[in-house]
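See structure below.
To find a chain, count down the sequence lines: A is the first, B the second, and so on, and within it residues start at 1.
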Amino acid sequence: MAKNFTKREENYSQWYNDIVQRADLAENSSVRGCMVIKPYGYSIWENMRDVLDKMFKETGHSNAYFPLFIPKSFLSREAEHVEGFAKECAVVTHYRLKADPETHTVVVDPEAKLEEELIVRPTSETIIWDSYKNWIHSYRDLPLLINQWANVVRWEMRTRLFLRTAEFLWQEGHTAHATSQEAIEESERMMNVYADFVENYMAVPVIKGVKSPNERFAGAVETFCIEALMQDGKALQAGTSHFLGQNFAKAFDVKFLDKDNTLQYVWATSWGVSTRLIGALIMAHSDDNGLVLPPKLAPIQVVIVPIYKSPEQLAQISEAAGKIVAELKEKGISVKYDDDDSNRPGWKFNEYEFKGVPVRLVIGPRDLEEGTVEVTRRDTLEKSTMQIAGIAEKVNNLLDAIQKNLFTKALNYRSEMTTKADTWDEFCDILDNKGGFVLAHWDGTTETEVAIKEKTKATIRAIALDSVPEEGKCILTGKPSHKRVIFARSY
RNA sequence: CGGGGUAUAGCGUAGUCCGGCUAUCGCGCCUGCUUUGGGAGCAGGAGGUCGCAGGUUCAAAUCCUGCUACCCCGACCA
């Protein structure tokens with residue numbers, strides 16, 4: 001069916017790249033490691049952004065915007081933070097170019113050197129907390145609940161479209177609270193918002209948990225995370241929400257007077273998801289025929305393809321299609337009628353399958369006579385014939401069914417790919433031959449976690465919030481452990 | 001940064017070892033006609049500083065030297 005398309009089992013990485021390319025989502029740019037997000041890919045991001053933005057606002061947050069550049073000195077205010085990001089920062093050293101008459105090119109003007117270098121933000125904690133210092137004086141100023149939609153730059157050595165790029169789009173929430181308790185609740189709330197979004201809109205099941213100390217965000221006291229499992233058995237961190245304690249408040253000297261007139265440092269959180277979610281979306285559902293999109297995020301939910309032999313016939317079909325388009329739009333369904341004559345129907349069928357459009361309607365002369373339409377769902381590729389009467393209701397139900405089916409399929413897959421391991425050999429065997437999440441006991445030390453990573457490339461993806469206490473022995477050291485944690489190889 | 005590799009039309013490529021005629025083929029693109037229920041067919045056409053700079057030679061995509069860019073494996077990836 002799909003020509004020249006790599007199958008998942010042949011080469012999973014190549015399959016992923018093929019999908020990104022053939023679905024016209026993004027491409028590599030002239031700047032190493034930076035991608036161009038093309039209109040179709042960007043419209044998926046817009047849909048994600050719109051849903052998340054609404055969720056953030058419903059939980060009391062407001063949007064703001066902070067500078068792209070951060071004075072170099074800010075990075076070093078919080079020791080662990082600079083340690084975490086220093087090795088991947090882009091640095092601005094000059095502010096002017098000049099023409100070089102000899103080479104007819106532009107060169108950096110050596111006289112335009114900045115007093116203090118500027119860092120292109122890898123994340124905005126520092127520049128934001130520098131502002132918060134001026135915004136927060138009293139307990140009445142708290143909580144401060146801000147989000148920003150922005151781009152950030154992390155100079156990654158190896159990049160992959162959407163999954164890891166040198167520049168990416170994301171949102172970062174930064175909140176300030178009067179008490180530790182409140183800040184922890186905020187971190188958990190936002191982790192839950194993320195889980196809600198990823199499960200109910202992206203149709204990707206996630207594990208909610210906390211990171212081990214070793215995997216924590218640089219400068220965080222606790223990192224809450226949602227972890228998803230991809231079709232090749234590797235884990236993907238889909239979103240994180242950090243409880244930052246008073247670390248940044250102390251680094252940027254952000255204090256407030258409480259009701260008892262006592263000066264206190266504020267408590268902080270930060271949380272973010274990025275265009276990496278598009279990578280997760282692709283890998284979670286797509287198949288050997290191309291992209292598969294959950295209806296709730298698909299830029300085009302329904303495509304209608306006419307089949308005709310003459311202009312007169314096309315006119316008749318277009319009239320019937322026009323009515324269907326109007327009915328579907330009435331229900332808030334995004335629909336495209338593709339009567340472009342330069343491509344034949346077969347070409348269009350393949351094209352929209354690559355692009356993951358959830359439902360395809362086909363109307364030809366036969367349907368015109370019988371008042372029917374051929375309906376094909378992208379997730380199962382099942383075809384059926386439906387009466388045009390009441391089509392909007394039926395399509396709407398079908399979109400719901402597809403959304404549910406994608407989630408169920410992904411959830412079943414994750415269940416099959418979640419395995420308990422009680423011995424080291426078992427643990428290694430699962431990682432090498434099966435993949436997926438491995439539930440195993442761990443003695444709780446960073447040394448052991450690092451040793452396991454070195455031996456197997458597997459890391460602790462999460463300590464699940466719903467994990468049940470269970471006595472056991474650490475998979476590597478045999479020391480006592482009170483619950484299982486989730487190991488996996490990851491992106 | 002260490003190891004390996006590649007550079008020829010928008011994309012993918014042949015030719016390079018062993019120098020020689022108008023640089024090969026496919027996809028895509030343009031024009032026309034016929035087509036249209038699963039990636040159409042035919043005919044015609046456009047498109048190249050063979051990565052850059054220098055050298056050897058009657059002659060360089062091909063040989064030599066230098067440079068640049070990119071890819072893969074490692075290192076790195078809170």
So, is the end of the [X] side chain (NZ or CZ) under 6.0 Å from the ring centre of [Y] and within 45° of the ring's axis?
X	Y	result
A:K355	A:Y40	yes
A:R121	A:F69	no
A:K234	A:Y491	yes
A:R8	A:Y12	no

Given that both distances must come in under 3.5 Å, which nucleotide forms a Watson-Crick or G-U wobble pair with [N]?
N	answer
B:rU24	none
B:rG38	none
B:rA7	B:rU68
B:rG48	none
B:rC17	none
B:rA43	B:rU31
B:rA75	none

To the nearest Å, how far apart are [X] [atom1] and [N] [atom2]?
X	N	atom1	atom2	value
A:E351	B:rA40	CD	P	12 Å
A:D340	B:rU36	CG	C1'	12 Å
A:K87	B:rC76	NZ	C1'	7 Å
A:R378	B:rG38	CZ	P	17 Å
A:W155	B:rC76	CH2	C1'	15 Å
A:Y491	B:rC76	OH	C1'	18 Å
A:E88	B:rA75	CD	P	17 Å
A:I363	B:rU36	CD1	C1'	16 Å

Over all heavy atoms of both residues, which pair between A:Y308 and A:D339 is shortest? Give the atoms and the distance, please.
->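 Of all heavy-atom pairs spanning A:Y308 and A:D339, the closest is OH-O, 4.3 Å.
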Of the non-hydrogen atoms in A:V82 and A:L75, which two are nearest, and what is the gap between them?
->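 Of all heavy-atom pairs spanning A:V82 and A:L75, the closest is CB-O, 3.1 Å.
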Span that lies between the [atom1] atom of [M] and that of [N], in whole angstrom:
N	M	atom1	value
B:rA61	B:rG55	P	15 Å
B:rC72	B:rU13	P	14 Å
B:rA59	B:rC21	P	15 Å
B:rG39	B:rC76	P	50 Å
B:rG74	B:rA14	C1'	33 Å
B:rC63	B:rG4	C1'	23 Å
B:rU22	B:rU56	C1'	26 Å
B:rC64	B:rU24	C1'	27 Å

Sugar-phosphate, base or nothing in reach of [X], heavy atoms under 4.0 Å:
X	value
A:R160	nothing
A:N343	nothing
A:P306	nothing
A:E83	nothing
A:E80	nothing

Does the [N] base have a donor-acceptor partner in the side chain of [X] within less than 3.5 Å?
X	N	value
A:R344	B:rG37	no
A:D367	B:rG37	yes
A:K383	B:rG37	no
A:R22	B:rG39	yes

Would you say the side-chain atoms of A:R489 pair up with the backbone N or O of A:G436, donor to acceptor, closer than 3.5 Å?
->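 Absent.
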Measure from the side chain of [X], starting at C-beta and using heavy atoms only, and say which of [options] lies closest.
X	options	answer
A:N350	B:rU36, B:rG39, B:rG37	B:rG39
A:K309	B:rG39, B:rU36, B:rG37	B:rU36
A:K457	B:rG74, B:rC77, B:rG39	B:rG74

Check whether any side-chain nitrogen or oxygen of A:R164 sits under 4.0 Å from OP1 or OP2 of B:rC76, and answer yes or no.
->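 No, outside the criterion.
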Any side-chain N or O of A:R366 under 4.0 Å from OP1/OP2 of B:rG37?
->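 No.
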Would you give the length of the straight line joining atom OG of A:S187 to atom CD of A:E222, rounded to the nearest 0.5 angstrom?
->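 The distance works out to 8.5 Å.
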Using heavy atoms to find the nearest nucleotide of RNA chain B for A:R360 and A:G33 separately, return the residue whose nucleotide is more 5′.
->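 Its nearest nucleotide lies further toward 5', so the answer is A:R360.
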For RNA chain B, whose closest nucleotide is more 5', that of A:Y308 or that of A:Q21?
->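 By nearest-heavy-atom nucleotide position, the 5'-most residue is A:Q21.
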